[in-house]
*Asks:* 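Structure provided below as structure tokens; questions to follow.
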Amino acid sequence: MDYLLKSGAIAAQKTACLVVGVYARRDLSDAARALDEASGGALESLLKQGDFTGQREQSQLLYDLPGCGCARALLIGLGPRKEFTLAGYREACARAAALINDSNPVEAISTLPTLAPTDADLPRWLQEAVVASEAATYRFDRCKSEVEKPKRPLRRLGLFIGDRRRSRKLEQALANGKGVATGMALAKDLSNLPGNLCTPGYLADQARSLGRKSDKLKVQILEEKQMQELGMGALLSVSRGSRQPAKLIVMEYGGGKPDARPVALVGKGLTFDAGGISIKPSAGMDEMKYDMCGGASVIGAMAACVELQLPLNVVGIVPASENLPDGDANKPGDIVTSMSGLTVEVLNTDAEGRLILCDALTYTQRFKPSVVIDIATLTGACVVALGAHASGLFSNDEQLAQAIIAAGKASGDRAWQLPMWDDYQGQLDSNFADMANVGGREAGAITAGCFLSRFTKKMKWAHLDIAGTAWKKGTEKGATGRPVPLLMQFLLQRCGLANE
Ligand code: BES
Ligand code: MN
Ligand code: ZN
């Protein structure tokens, strides 16, 4: 979809559909008030019929309002004015875009950005309008033989900014929104694709084709033989049970000065996790196609960096593998040697994410990153702790942790920090190797973080456990594209292009 800034008077906006917000109890937003005045009170008198009160989740199409340049007005209920927040705004933007996408107009103008509390908030609110509208019209139908596409999809959305001037900052906000949305859509596409189609090789091909589109993006795929030579015994032990060869995807985006240290993003790319010999129960196992969402978010973020041409160096690394039971698979009790030289007793073959990540993290050191963030659907325990609303955050650097928390808050893609005190490390003790790959039932998300921390001592490092946030279950089953918004906010912040 195309987005553009629209300014001037409300009544003068020529469009097939003008979107205006109304708070609960028919409390008109400024834009709705202006529309009412231009129409000689027609809006108020229609509202008096009582069908539409402005509750959240309500919407109403009106035709032929006199004195206005719009063919239709779409009223969007915002709920009580006092309770209206950026989160409610995102939801309102999404609702409007979805409704218009499924109805006749192919272009519209939304006045919802004028709900921003202050001028300083406007860039953020514009950015979020783009992200929310794109997310609301996202469909994954690649695997359906007959696709029900909207007959007249929304193609152009004007974002109304009242009498304010267009500016570089506001245009940048739209671009940021587009970039984030591109990254999220790619992450969702890769994640929703099932394990038989989205294999490690497929992920590698997707990364390669991204690299061909930009001369700033260099993509290299390490094959199992090269991993062997590097001594990646932990990563390779996971893919032993699979007929799909593992891939280590390495993407280098060079938008910054050649000598500037990069930000490294490392994403778990487990294209299907059956658990291995420590096999998972079969109920809901299909959802383990989503065990590559961390890797997908890294590939999505790299695509967004390319689209936004960020003046920054970013390295994206995705260890990709399957985890399946097989005669040659890892067995409980097996001891493997990681690239770092540390040995690991694989007490549970289902704790495979940390095994592929530890070697990928060791490999990351060669890029001398200023910071490294790994992103992984790592533990069911994190879902128990935080549910679907926040990703788990772990870090060995408090400044980095705070920057990530701030990026999550600003983008609405929140992370919540959990402790990594040394007290937990003892749970990983092994009688036979340097460490075990599991730390028992207690604090499972934390001991997973502790495991990774042993391989990142030389770097400023943070770990995001996205097991609860990366996809939705049930009737709305599907990837969320998280934490691409957080990651992009973090990267935009680092090059001074972010909105608060
Ligand atoms: N990919 C899973 C984690 C997971 C489970 C994500 C459920 C989302 C929903 C990971 O590989 C795994 O199996 N972790 C184990 C670790 C345990 C054996 C210590 C888990 O969480 O059960
Ligand atoms: Mn597992
Ligand atoms: Zn897994």
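Bear in mind that the values here come from a model prediction, so they are computed numbers and not experimental data. Whatever order the structure lists them in is the order used to number ligands and atoms, beginning at 1. The basis for the numbers below is simple: all heavy atoms, side chains too, and nothing from hydrogens, waters or symmetry mates.
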*Asks:* Give yes or no for whether the N/O distance cutoff of 3.5 Å, strictly under, is met between Asn348 and ligand 1.
*Replies:*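 No; every N/O pair is 3.5 Å or more apart.
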*Asks:* Considering heavy atoms of the protein only, find what lies nearest to atom 19 (C) of ligand 1 and give residue, atom and distance to 0.1 Å.
*Replies:*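 That would be Val438 CG1, 3.5 Å.
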*Asks:* Side chains of Ser242 and Glu322: donor-acceptor distance under 3.5 Å anywhere?
*Replies:*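 Their side chains do contain a donor-acceptor pair, which is all the 3.5 Å distance test asks for.
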*Asks:* Between the Zn ion (ligand 3) and Lys268, is there an N, O or S atom separated by less than 2.8 Å?
*Replies:*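 Yes, within the cut-off.
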*Asks:* Can you confirm, on distance only, whether ligand 1 has an N/O atom lying under 3.5 Å from any N/O atom belonging to Trp471?
*Replies:*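 Such a contact does not occur with ligand 1.
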*Asks:* A cation-pi test, strictly: NZ or CZ of Lys188 under 6.0 Å from the centre of the six-membered ring of Tyr138 and no more than 45 degrees from its axis. Yes or no?
*Replies:*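 Lys188 over Tyr138 ring: yes.
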*Asks:* Is there a donor-acceptor contact under 3.5 Å linking the side chains of Thr343 and Thr337?
*Replies:*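 No, because no side-chain N or O of Thr343 sits under 3.5 Å from a partner of the opposite role on Thr337.
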*Asks:* May I ask you to check if ligand 1 and Thr377 share an N or O to N or O distance below 3.5 Å?
*Replies:*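 Right, the criterion is met.
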*Asks:* Tell me whether Asp273 has any N or O atom under 3.5 angstrom from an N or O of ligand 1.
*Replies:*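 N/O-N/O distance below 3.5 Å exists for this pair.
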*Asks:* Would you say ligand 1 has an N or O under 3.5 Å from any N or O of Gly380?
*Replies:*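 Yes: some nitrogen or oxygen of Gly380 is under 3.5 Å from one in ligand 1.
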*Asks:* For the atom pair CG (Leu393) and CD1 (Ile466), what is the distance rounded to the nearest 0.5 Å?
*Replies:*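 Rounded to the nearest 0.5 Å, the CG-CD1 separation comes to 13.0 Å.
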*Asks:* Which residue in the set Thr364, Asn396, Asp374, Asp397 passes side chain to side chain donor-acceptor pair (under 3.5 Å) when paired with Trp461?
*Replies:*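 That would be Asp374.
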*Asks:* Is at least one protein non-hydrogen atom found at under 4.0 angstrom from atom 22 (O) of ligand 1?
*Replies:*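 It does not; no protein heavy atom is within 4.0 Å.
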*Asks:* Can an N, O or S atom be found in Glu352 less than 2.8 Å away from the Zn ion (ligand 3)?
*Replies:*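 Yes, since at least one N, O or S atom of Glu352 sits under 2.8 Å from the Zn ion (ligand 3).
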*Asks:* Does any N, O or S atom of Asp291, backbone or side chain, fall under 2.8 Å from the Mn ion (ligand 2)?
*Replies:*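 Coordinating: no.
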